[in-house]
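Here's the structure, in structure tokens; my notes come after.
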Amino acid sequence: MTKQIINLKNIDKEYKLGQTKITALKDVSLDIQAGEFISVCGPSGSGKTTLLNIIGCLDTPTKGNVKIIEKDVINYSDAKLSELRNKYIGFIFQSFNLIPVLSTFENVDYPLVLLGMKKKQRQEKVHAILSEVGLYDHKKHRPDELSGGQRQRVAIARALVTNPKLVLADEPTANLDHKTGVAILDLMQKMNEEHNCTFIFSTHDPEVMKYAKKIYHLRDGEIQKQGKRS
Amino acid sequence: MKFFKLALRNVFRNKRRTSITFLSIIAGMIALIVFGGFVEYSFWGLRESTIHSQLGHIQIFKKGYSEKGRSNPGEYLIKDFRSIEKKLYRLPEIELVTARLSFSGLISTGEKTLTCKGFGVIPEREKKLASFETLKEGSHLSAENKDEILVGVELKKSLGANMGDYLTILTTNSFGMINAGDLKLIGTGQSGSAEYDAVFVKIPLNAAQTLLDTQSIEKVVILLSKTEDTEKVVKKIQQIIDDNNLDLEIRTWDQLATYYNSVVRLYNGIFNVIKVIIAIIVFFSIANTMIMSIFERVKEIGTLRAIGTKKSGIMQMFLWEGFFVGVLGGILGIIAGVLVALIINISGGIYIPPPPGMGVGYQSLIFVVPEVLIYSYLSTVIVSTLSSIYPAAKAIRLYIVEAIAHT
């Protein structure tokens, strides 16, 4: 039996933009199982990023209940949420978001340092994941010495190095050319299969959607339909 | 340690910004070190000139002199100077022991009469004691001639006297009778204090004793090899007094130098104000640079928070950055401050016009004092670390979702 990893119940998210109230998510309910490879799609402004932010405990809903890895996170303190993100959730961002002053090795090492892991164990883990993403030889390079595809690989390595239960990728291929984007998706798929961790990525690119085993279509903050790839 | 490394890297990532911060720290530290060194030199100069022109390091009086002796000096004179002197010379720290007999009175050329403050001194020892007093004209008192007088440069001017003139001193002797003596003007001296130079006269001790009709002295003046030994020697002298049951009391130069003490208080007050002003400038300069760096690093801070860094971690990172800026900038500041001080000293010092109450200006050197360096360095590190609190507080208030999407 697969384990439920995300449970969203009647989520509303409203923003205030000046005097105007904007509804980013409206009555969204979701159940996601461990090991799934899911795409959240929809046009710009449909609420994809807001949904990922709420799942990733970076933002809180205006209404509704959020359960991540069987934890009711709504009333969690900021420090507790930080710990949860560090331990269980990996993030891959559209513009890579690597720490510019750290090398490839140090960027990937950072979440393990936060976990308080011993140096030797960290080194083994970082070397292993860098080999998996094909960047072992670039471990001393700074982000500005890497190509876009290489930077996103570092981001993937950083997201996976803690063996998270969940990886969230917000438009991971949007800043990459087609060929590199495909390579990144292949890598994510491989990691999903090998590490058995849940991947949720947002996109509005139909080519990218094809990779997902399950697709949630969002429009105006509501889930319009849920699809399954055969 | 994890934020330590990140902070250190951040300090060096934007070299221009860090250089600007370092420059303000260096400027502040140069100001502190040079001004602090100037103050130290001024204290030293004033202290040594006070000691070596008027007071000596230690003075010994007959017991009760400090309280009642001024109104009735004849009652508080020391009779057995020679035996006290012999005992004092056993102490190795003592360079010179001399005696003085002071008096107040009138000095007259016959045409003009002014008030004066007179000192009967042992001529051959006085030269050594009053080494900071310069002879402006003529010669020092000689041991042989009892009827010589040396007056302050301003006093000679006011009297309109010439070298070789006989001046009449009129005073009351130790029995309260008026007495007078004629003495030949052989020299003028300058102490640096215009007020003092307008009243002082020096005559041989035996001339003063004749004038005051006594064989006693008013006080024993002691000069030490090193000013720092004062407290130590006072204890030893007190021991001698106690052991020999002598009816004497001790005063140190700093108890007697009221002018010096008020100058020290004034300068310390000014120095403290300057320290605070510099600290405020450095504080805002560093805080401003750090706030600028937050605007450049919004996305990075958001990312660090997203991947699990707690607010306390971001706070630590910024505090470490402030600390490093202070530590490294402070080292550069010390080097720069010492260099500037050395350059000033090599070029002969800074000309300071005559301070209030002084007759002449002087070239001030800058003393490089370890205490000033340590103080400046520590305060720079503390101010720098404290100045990163506000930027850090601003950084932890960033909304993660907006920060990670910041372009």
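In what follows, every heavy atom counts, from backbone to side chain, and hydrogens, waters and symmetry copies are set aside. So you know, we letter chains A, B, ... as the sequences are listed, proteins then strands, and number each from 1.
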Find out whether [X] and [Y] are in side-chain contact, i.e. whether some heavy atom of one side chain is under 4.5 Å from a heavy atom of the other.
X	Y	value
B:Arg9	A:Arg142	yes
B:Ile404	A:Phe91	no
B:Ile307	A:Arg85	no

Over 12 non-hydrogen atoms of neighbours within 6.0 angstrom of [atom1] in [X]:
X	atom1	answer
A:His204	NE2	no
A:Asn75	CG	no
B:Tyr390	OH	no
B:Phe295	CZ	no
A:Lys9	NZ	no

Chain A contact via [X] - side chain, backbone, both or neither, heavy atoms under 4.5 Å:
X	result
B:Thr309	both
B:Tyr399	side chain
B:Arg305	both

Q: Measure the spacing between NZ of B:Lys299 and OG of A:Ser95 and express it to the nearest 0.5 Å.
A: 3.0 Å
Q) How far does CD1 of B:Ile400 sit from CG of A:Asp78, to the nearest 0.5 angstrom? A) 6.0 Å
(Q) I'd like to know which of A:Pro111, A:Ala159, A:Pro100 tops the heavy-atom pair count under 4.5 Å against chain B. (A) A:Pro100
Q.
So which residue, A:Asn86, A:Asn97, A:Leu102, ends up with the most heavy-atom pairs under 4.5 Å with chain B?
A. A:Asn97
Q) For B:Thr303 and A:Arg158, what are the C-alpha separation, side-chain angles and deciding distance, and is it a side chain to side chain contact (heavy atoms under 4.5 Å, CB included)? A) CA-CA 12 Å; B:Thr303 307; A:Arg158 181 179 67 186; 3.8 Å; yes
Q) Given that the side chain runs from C-beta out, which part of A:Glu106 has a heavy atom under 4.5 Å from chain B: side chain, backbone, both or neither? A) side chain
